[in-house]
**Q** 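Mind looking over this structure? Questions follow.
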Amino acid sequence: LSDYMNNMNQNDAIHIKNAHIKQINEAIDQLAKNINEHPHLNLDVEQFKGFVAEEMHAGTFNIDAIRQGSEHRAWTLQDTGYATVDVETNFGKSYSLKYSNTAKGSENMQAALNPNNRAAKYHGQERLIASEQVDEAKGWAHRRGLKDIQNRPDVSKAHMETEKHLTGKISDSEGVESKELTIKESKQIAKEAKDGGFDPEKHGYSKDPLLEEVRIDYINRAMKAGLT
């Protein structure tokens with residue numbers, strides 16, 4: 001009987017593992033779909049790369065969350081309105097994303113002022129940029145913050161706030177993170193999506209096959225039952 005029970009227990013464990021694998025695979029499929037069927041897919045690569053970055057950061061964060069068994073999630077809002085949030089989360093952080101080709105350009109866009117109240121346009125949001133630009137952009141923000149402190153305190157404040165919130169990935173501060181994405185890779189994915197389809201597997205996200213159930217050895221069990 002112990003073999004039979006062992007097999008049953010093994011299969012229970014396999015069912016749980018398979019449900020988890022399936023959830024990860026579905027999140028990978030969803031990421032591909034969000035990019036390949038994006039409403040702004042008709043834009044050129046240069047413009048589309050920012051939308052790609054939004055989907056990549058939200059999607060890879062969610063894959064990491066599922067892998068780690070976290071309920072935290074991120075999603076894109078695809079809203080191009082004034083100072084709108086680009087990526088929203090269910091753990092209290094909102095992200096403004098800027099994928100300019102230079103660190104200075106990304107920092108400048110993130111430190112923009114609201115002309116109505118002269119406050120930072122993206123106040124209260126994390127400032128998500130390409131990973132390779134973060135250190136340089138923080139340097140720019142710091143210098144601009146000091147440079148304008150006397151003459152233009154509102155500009156200075158916006159750059160200082162930006163410096164504090166610049167980041168190269170979405171993070172819930174509990175170990176779940178999005179995959180850092182360079183400008184080069186964001187353009188590469190944009191190009192793939194426009195040329196027949198972005199495949200997550202080519203960018204480090206391959207789906208796992210489901211585990212096979214173990215065969216329950218009824219014959220063995222029947223024989224043992226007959227012998228006893």
Side-chain angles (χ1 to χ4, degrees), residues 23-68 70-101 105-107 109-110 112 120-134 137 162 165-174 176-194 197-205 207:
Q23 221 190 339
I24 294 166
N25 289 350
E26 281 166 6
I28 293 171
D29 283 340
Q30 189 63 52
L31 170 60
K33 188 173 190 267
N34 289 354
I35 290 175
N36 290 326
E37 297 176 19
H38 199 283
H40 298 298
L41 184 64
N42 60 334
L43 292 174
D44 62 32
V45 166
E46 194 53 52
Q47 288 177 290
F48 187 51
K49 74 177 190 298
F51 292 107
V52 162
E54 290 176 11
E55 297 300 343
M56 283 298 288
H57 278 290
T60 61
F61 176 88
N62 292 339
I63 293 163
D64 193 39
I66 295 165
R67 278 186 179 147
Q68 295 194 42
S70 164
E71 294 296 317
H72 287 164
R73 294 292 182 271
W75 59 92
T76 61
L77 298 180
Q78 294 180 354
D79 190 343
T80 51
Y82 184 79
T84 49
V85 169
D86 294 316
V87 182
E88 193 55 275
T89 72
N90 65 352
F91 51 87
K93 284 185 188 177
S94 304
Y95 290 82
S96 156
L97 180 141
K98 301 291 176 210
Y99 261 56
S100 170
N101 288 318
S106 295
E107 191 280 330
M109 288 157 88
Q110 293 285 22
K121 184 174 172 182
Y122 301 107
H123 179 71
Q125 298 183 37
E126 301 305 310
R127 317 296 169 81
L128 184 55
I129 64 172
S131 53
E132 77 275 23
Q133 294 180 353
V134 173
T162 299
H165 291 277
L166 279 168
T167 181
K169 57 192 168 194
I170 294 174
S171 168
D172 68 354
S173 307
E174 292 174 25
V176 180
E177 294 178 340
S178 68
K179 180 178 183 261
E180 292 184 337
L181 184 75
T182 62
I183 293 289
K184 189 181 173 187
E185 194 177 4
S186 71
K187 286 182 182 177
Q188 182 60 40
I189 293 169
K191 198 170 176 306
E192 285 167 21
K194 292 175 71 64
F198 150 66
D199 179 359
E201 197 167 334
K202 290 183 183 148
H203 297 269
Y205 287 88
K207 295 192 287 186

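For this chain, numbers begin at 1 and follow the sequence in order.
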**Q** Is it true that atom NE2 of His203 has more than 12 heavy atoms of other residues, nucleotides or ligands lying nearer than 6.0 Å?
**A** yes

**Q** Checking Asp199 against Glu192 for the side chain to side chain contact (heavy atoms under 4.5 Å, CB included) test, could you report, in this order, the C-alpha distance in whole Å, the side-chain angles of both residues, the deciding distance, and whether it holds?
**A** CA-CA 8 Å; Asp199 179 359; Glu192 285 167 21; 5.5 Å; no

**Q** Going by the rule salt bridge (charged side-chain N to carboxylate O under 4.0 Å, His left out), which residues pair with Lys202 if we only count those two or more places apart in sequence or in a different chain?
**A** none

**Q** Excluding sequence neighbours, so at least two apart, what forms side-chain contact (heavy atoms from CB on, under 4.5 Å) with Ser131?
**A** Glu180, Thr182

**Q** Just jot down the side-chain hydrogen bond (donor to acceptor under 3.5 Å, both in side chains) partners of Lys184, sequence neighbours excluded, or say none.
**A** none

**Q** Is it the case that the side chain of Glu126 and the backbone of Thr167 share a donor-acceptor pair, with hydrogens and angles ignored and the cut-off at 3.5 Å?
**A** no

**Q** Is there side-chain contact between Phe48 and Leu41, with heavy atoms separated by less than 4.5 Å?
**A** yes

**Q** Just jot down the salt bridge (charged side-chain N to carboxylate O under 4.0 Å, His left out) partners of Glu88, sequence neighbours excluded, or say none.
**A** none

**Q** So does Glu55 get a backbone contact from the side chain of Asn34, meaning a donor-acceptor N/O pair under 3.5 Å?
**A** no

**Q** Do Ser96 and Lys121 have side-chain N/O donor and acceptor atoms under 3.5 Å apart?
**A** no

**Q** Do the non-hydrogen side-chain atoms of Leu31 and Ile63 ever get within less than 4.5 Å of each other?
**A** yes

**Q** Under the side-chain hydrogen bond (donor to acceptor under 3.5 Å, both in side chains) rule, collect the residues that match up with Lys169, sequence neighbours excluded.
**A** Glu177

**Q** Is the side chain of Glu132 donor-acceptor paired with the backbone N or O of Ile183 at a distance under 3.5 Å, no angle test?
**A** yes

**Q** Considering non-hydrogen atoms only, spot the tightest contact between Gly168 and Leu128 and give its length.
**A** C-CD1, 3.6 Å

**Q** On a heavy-atom basis, which atom in Ile129 and which in Leu166 lie closest, and how many Å separate them?
**A** CD1-CD2, 3.9 Å

**Q** For the residue pair Tyr95 and Thr89, what are the closest heavy atoms and their distance?
**A** CE1-CG2, 4.0 Å

**Q** Set out, in order, the CA-CA distance, both residues' side-chain angles and the distance that settles side chain to side chain contact (heavy atoms under 4.5 Å, CB included) for Glu174 and His72, then state yes or no.
**A** CA-CA 10 Å; Glu174 292 174 25; His72 287 164; 3.7 Å; yes

**Q** Just so I know, are the side chains of Lys49 and Lys191 near enough to count as touching, which here means a heavy-atom distance under 4.5 Å?
**A** no

**Q** Using 0.5 Å steps for rounding, measure from the OG atom of Ser106 to the CZ atom of Arg127.
**A** 13.0 Å

**Q** Before we go on, tell me: are the rings of His165 and Tyr122 under 6.0 Å apart, centre to centre?
**A** no

**Q** According to salt bridge (charged side-chain N to carboxylate O under 4.0 Å, His left out), who are the partners of Lys187, at least two apart in sequence or on a separate chain?
**A** Glu46

**Q** Centre-to-centre under 6.0 Å for Phe61 and Phe91, is that the case here?
**A** yes

**Q** So, for Ser70 and Val176, which heavy atoms are closest and what is the spacing to 0.1 Å?
**A** CB-CG2, 3.9 Å

**Q** What is the ring orientation for Phe51 with His38, classed by angle as parallel under 30°, tilted 30 to 60°, or perpendicular over 60°?
**A** tilted

**Q** Kindly say whether Asn62 contributes a backbone atom to a donor-acceptor pair with the side chain of Arg73 at under 3.5 angstrom?
**A** no

**Q** Any donor-acceptor pair under 3.5 Å linking the side chain of Lys207 with the backbone of Ile28?
**A** no

**Q** Within the side chain of Lys93, is there an N or O that forms a donor-acceptor pair under 3.5 Å with the backbone of Asp172?
**A** no

**Q** Of all the heavy-atom pairs spanning Ile170 and Ala58, show the shortest one and how long it is.
**A** CD1-N, 4.0 Å

**Q** If you apply the rule side chain to side chain contact (heavy atoms under 4.5 Å, CB included), what do you find for Ile189 with Ile35, and how did you get there?
**A** CA-CA 9 Å; Ile189 293 169; Ile35 290 175; 4.1 Å; yes

**Q** If we ignore angles and hydrogens, is there a donor and acceptor under 3.5 Å between the side chains of Gln30 and Glu26?
**A** no

**Q** If you measure from the Lys or Arg side-chain nitrogens to the Asp or Glu carboxylate oxygens, is any gap between Lys179 and Asp64 under 4.0 Å?
**A** no

**Q** So which heavy atom on His57 is nearest to which on Leu97, and how close?
**A** CD2-CD1, 3.9 Å

